[in-house]
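First the structure, in the form of structure tokens, and then the observations on it.
Just so we're on the same page: letters track the sequence lines, and every chain starts at 1. Everything numeric here is computed off the predicted structure, so don't read it as measured data.
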2 protein chains.
Amino acid sequence: MGSRELERRVEAARRFNRFYTRQIGLLRRGAYDSPMSLTEVRVLYELAHREQPTATELGRDLDLDAGYLSRILRGFEKRALVTRTRSAADGRRSHLALTATGRKAFAPLDARSHDEVAAMLAGLAPAAQARVIAAMDTIERLLRDGPPPAAAYLLRPPQPGDMGWVVHRHGAVYAREYGYDAQFEALVAEIVARFVQRFDPTRERCWIAERDGTVVGSVFLVARSGTVAQLRLLLVELQARGSGLGTRLVDECVRFARQAGYRKLMLWTQSELRAARRLYQAAGFRVVRKERNHSFGKALVSETWELDL
Amino acid sequence: MGSRELERRVEAARRFNRFYTRQIGLLRRGAYDSPMSLTEVRVLYELAHREQPTATELGRDLDLDAGYLSRILRGFEKRALVTRTRSAADGRRSHLALTATGRKAFAPLDARSHDEVAAMLAGLAPAAQARVIAAMDTIERLLRDGPPPAAAYLLRPPQPGDMGWVVHRHGAVYAREYGYDAQFEALVAEIVARFVQRFDPTRERCWIAERDGTVVGSVFLVARSGTVAQLRLLLVELQARGSGLGTRLVDECVRFARQAGYRKLMLWTQSELRAARRLYQAAGFRVVRKERNHSFGKALVSETWELDL
DNA sequence: GGGAAGTACTTGACAGCGTCAACTATTGAC
DNA sequence: GTCAATAGTTGACGCTGTCAAGTACTTCCC
């Protein structure tokens, strides 16, 4: 498949995303008028569809700030929509449940959302409805299962030319996606140069990911002290994203760091690098420090993450 | 097609909506970190894809408050992202255009959105990608064209039993979708009773919409004074929504009111009745008064709309 | 069993998103 | 020329959502 063909598909999918979000009115003002905000409605929805969830569970699944959620729940409690019962097993937790009033408040919101979708479908002939539903099912099934083969990547030590690739691709990808200026590429070059010059083969390492002979990712592990290692220069190329390569690169680093006897693994990143942050979080890293600064031609919030080994 | 089957489809579509909005991360926090808010990004997107739009155009298409948009644009101007040039044809309007800086600020945002979609697709085998895109195309095409036959509704005068239907369905639909209590149904009954008792056949009218022998909608026109008429009890059943029936009922009212010699047509509604409000707006009505009140077991904002005939 | 570290949740402070209503400048209809 | 309508602006303000620090409880580890 040519990259022209992929490009055409990406554009088609983006067009669909715009069309569909407009169609279902997600961004429409006052889509849920009433005294409820969209977030409150989402919380109410989850409460109506779960058995005794805790606040933390809701916050995780809806991606809400714990403090914000706490206030929303207090509001619900004040309006007698939910009750909280302290968990017998763990006194810090509370189990939430909709009251009869809560279910009654949710019902019309749910009905309206239901009826909007029903009206959208009812406008179609039955045969067309069936086709739409089948198409939705196709999309959901294919995207949910994701990449079935989990593609065969080769992780290998660097070869001549690879260090240049790392500098080149960091420069290009970050300029394209985040607008970083040339200073960033220069910093990467400096890191790479120092890595090569002071390389300690027993305690440091670089992995290059390759697929079908093409380099598609990298990660470095460097020593900061006798007990602390640093993960650096994690990069996954566009065409390899979403396939678990990032997770594999981070895991490889963590495993090696443990084996090499480090007590702690740390890394620096920027708050805007969402995909990377998700990988670190999934691997068990925690943010220990944040700092506003201006680098690479942008105002950034840089973060230090740590993982105890 | 049984209504059981439609119900199954509605549930399938709602499940897809939840899955897909989560998939494309619309509600994810900081989906667009950077100094831009989601709304600002949407405005920037429109600016990048249009020729010299005016602020009002953008506001209409993105459904934004004019004041809010004005401030966003001023912010963009201050950051030298856009230029405004007063329209030669109409001194009130300004034409907006991205500057080179503006295009440069938009590029990374666009690149990231592009790359996210690309990563989503790249995780699939080429054949699966093609199926997803084809399915998206199916959905978009069928929903965009909407109801091709524009279904044949019969509008007719009321027959025995219809007044009861109007009361019954108003009570049921508003209880279900908005949680109104029995007071609302009682009010409808009162309106209907008075309409029948004082009916003036030359200046008042009631239309009942029917499809395949089933009643699916209603609207009333009643005299308020010698020159002012009132539109009342507009209702469109779930299975007939999105097919233009609402528009047709309103149009019928307006046409009759003109013919009967009224100078003005007014109506009452609640701010939360979005679908109805859109119909009124499209027919040329304007809001002339709003008022907070507590009715039908809820805190409401009732509105008076008027149309000069 | 006792201290340290971690987790569940709360609270105060605050930025900024988005709304509302009142305002100016201009246009267009009569 | 008058009057209503439209494009856009501005001030005021509530509410959403974020951040950081706090409390109460649990778990880990020696």
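Atom-to-atom, CD of Glu306(B) to P of dA5(D) comes out at 11 Å; the value is rounded to the nearest Å. As a whole-Å value, the separation of Leu38(B) CG from dC17(C) C1' is 11 Å. Between the CZ atom of Arg60(A) and the P atom of dT7(C) there is a distance of 13 Å, given to the nearest Å. The distance from atom CZ of Arg42(B) to atom C1' of dG18(C) is 12 Å, rounded to the nearest whole Å. Between Leu62(A) atom CG and dT18(D) atom P the separation is 13 Å, expressed in whole Å. Computed from coordinates, the Tyr68(A) OH to dA20(D) C1' distance equals 18 Å when rounded to whole Å. Rounded to an integer number of Å, the gap from Asp308(A) CG to dC28(D) C1' is 13 Å. Straight-line distance from the CG atom of Leu73(B) to the P atom of dG18(C): 14 Å, rounded to whole Å.
Closest non-hydrogen pair, Thr269(A) versus Leu273(A), comes out as OG1-CD1, 3.5 Å.
Residues Leu96(B) and Arg50(B) form no side-chain contact, since every pair of their non-hydrogen atoms from C-beta on lies 4.5 Å or further apart.
Taking the screw axis at each terminus of the helix from dG1(C)-dC30(D) to dC30(C)-dG1(D) from five consecutive base pairs, the angle between the two is 30° to within rounding of 10 degrees.
Counting non-hydrogen atoms of other residues, nucleotides and ligands closer than 6.0 Å to CZ of Arg263(A) gives a total of 12 or fewer. In this structure, Arg79(B) places its CZ atom where more than 12 heavy-atom neighbours from other residues, nucleotides or ligands lie under 6.0 Å away.
Glu177(B) has a carboxylate O that lies under 4.0 Å from a charged side-chain N of Arg241(B), or vice versa, which qualifies the two as a salt bridge. A salt bridge is defined here as a Lys NZ or Arg NE, NH1 or NH2 lying under 4.0 Å from an Asp or Glu carboxylate O, and Glu252(B) with Arg255(B) meets this definition. Using a 4.0 Å cut-off between a side-chain N of Lys or Arg and a carboxylate O of Asp or Glu, Arg93(B) and Glu57(B) do not qualify as a salt bridge. Salt bridge annotation for Asp110(B)-Arg14(A): present, with a cationic side-chain nitrogen under 4.0 angstrom from a carboxylate oxygen. For Asp181(B) and Lys298(B), the salt-bridge test fails: no basic side-chain N is under 4.0 Å from an acidic carboxylate O. Between Asp61(A) and Arg42(A), none of the side-chain N atoms (NZ, or NE/NH1/NH2) sits under 4.0 Å from a carboxylate O, so this pair counts as no salt bridge.
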request  = Would you sort out whether Phe256(B) and Tyr262(B) count as a ring-ring contact (aromatic ring centres under 6.0 Å, His included), showing the intermediate values?
outcome  = CA-CA 9 Å; Phe256(B) 176 80; Tyr262(B) 292 104; 7.4 Å; no
note = For nucleotides 25-30 of chain C, 5' to 3', base contacts (B), sugar-phosphate-only contacts (S) and non-contacts (-) with protein non-hydrogen atoms under 4.0 Å give BBS---
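The phosphate of dC9(C) has OP1 or OP2 within less than 4.0 Å of a side-chain N or O from Thr56(A). Taking 4.0 angstrom as the limit, Ser37(B) places none of its side-chain polar atoms (N or O) nearer than this to OP1 or OP2 of dG16(C).
Here dG18(C) is the nucleotide among dT10(C), dA12(D), dG18(C) with the atom lying nearest to any side-chain atom of Thr39(B).
Side-chain N/O atoms of Arg84(B) and base N/O atoms of dG8(D) include no donor-acceptor pair closer than 3.5 Å.
Aromatic ring pairs are classed by plane angle as parallel below 30°, tilted from 30° to 60° and perpendicular above 60°; the pair Tyr180(B) and Tyr174(B) is parallel.
Mapping Arg71(A) and Arg93(B) onto DNA chain D by nearest heavy atom places Arg93(B) at the nucleotide closer to the 5' end.
Residues from residues 74-81 of chain B placing a heavy atom under 4.0 Å of any atom in DNA chain D, listed by number, are Arg74(B).
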